[in-house]
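Worksheet for the structure shown next.
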Amino acid sequence: MALIIIGKTECALCDEVIRENDEIVATSHFIADPQDRLFRFSDAAMHKKCFREWDRRQVFVEKYNRIVGSITWGNRTYHHMNDDGSISSLLRENQAED
């Protein structure tokens, strides 16, 4: 997960400092290719308001769900990013038993 220091970490979208009580969107590092146009937003924090207004939000959400959502954790759950940037942990149904 992105390392966030309240009062020091800047929003990856607006470059303003993230303050206490700011709603944020943050992910772990999930884009490996530094040439990817979204690379710098992976493992970063953003104000939720900035994220909602971001013109590349939908592409980012889809990429997160394609990459991270494809991983099934040991408890049969996977992570899904919602359109607002919140992340849900959901149970993977119909998974073959080992």
Atom [atom1] of [X] and atom [atom2] of [Y]: how far apart are they, to the nearest 0.5 Å?
X: Cys50; Y: Asp15; atom1: SG; atom2: CG; result: 9.5 Å
X: Glu93; Y: Arg76; atom1: CD; atom2: CZ; result: 6.5 Å
X: Asn75; Y: Ser89; atom1: CG; atom2: OG; result: 6.0 Å
X: Leu38; Y: Thr27; atom1: CG; atom2: OG1; result: 10.5 Å

Which heavy-atom pair separates [X] from [Y] by the least distance, and what is that distance?
X: His47; Y: Glu16; answer: CE1-O, 3.6 Å
X: Cys11; Y: Ile18; answer: N-CG1, 4.0 Å
X: Ala26; Y: Ile4; answer: CB-CD1, 3.9 Å
X: Asn82; Y: Ser88; answer: ND2-OG, 3.1 Å
X: Glu20; Y: Ile6; answer: N-CG2, 3.2 Å
X: Thr72; Y: Arg92; answer: OG1-NE, 2.9 Å

- Task: Any chance you could lay out the side-chain contact (heavy atoms from CB on, under 4.5 Å) test for His29 and Phe39, step after step, and finish with the verdict?
- Result: CA-CA 9 Å; His29 177 73; Phe39 178 81; 3.5 Å; yes
- Could you check whether the rings of Phe30 and Tyr64 sit parallel, tilted or perpendicular, using 30° and 60° as the cut-offs? perpendicular
- Specify whether Trp54 and Phe51 have parallel, tilted or perpendicular ring planes, treating 30° as the upper limit for parallel and 60° as the lower limit for perpendicular. tilted
Evaluate whether atom [atom1] of [X] has more than 12 neighbouring non-hydrogen atoms of other residues, nucleotides or ligands under 6.0 angstrom away.
X: Arg37; atom1: CZ; result: no
X: Lys48; atom1: NZ; result: yes
X: Glu10; atom1: CD; result: yes

Hphob cluster co-occupancy, [X] + [Y], side-chain heavy atoms under 4.5 angstrom:
X: Val68; Y: Leu90; value: no
X: Ile24; Y: Val17; value: no
X: Val61; Y: Tyr78; value: no

- Item | Close side-chain approach of Phe60 and Met46, heavy atoms under 4.5 Å | yes
- Asp83 and Arg57: CA distance, side-chain angles, deciding distance, side-chain contact (heavy atoms from CB on, under 4.5 Å) verdict: CA-CA 8 Å; Asp83 287 339; Arg57 175 181 52 90; 3.6 Å; yes
- Query: Any donor-acceptor pair under 3.5 Å linking the side chain of Asp84 with the backbone of Ser86?
  - Reply: yes
- Hey, is the main chain of Gly69 close enough, under 3.5 Å, to the side chain of Asn65 for a donor-acceptor pair? no
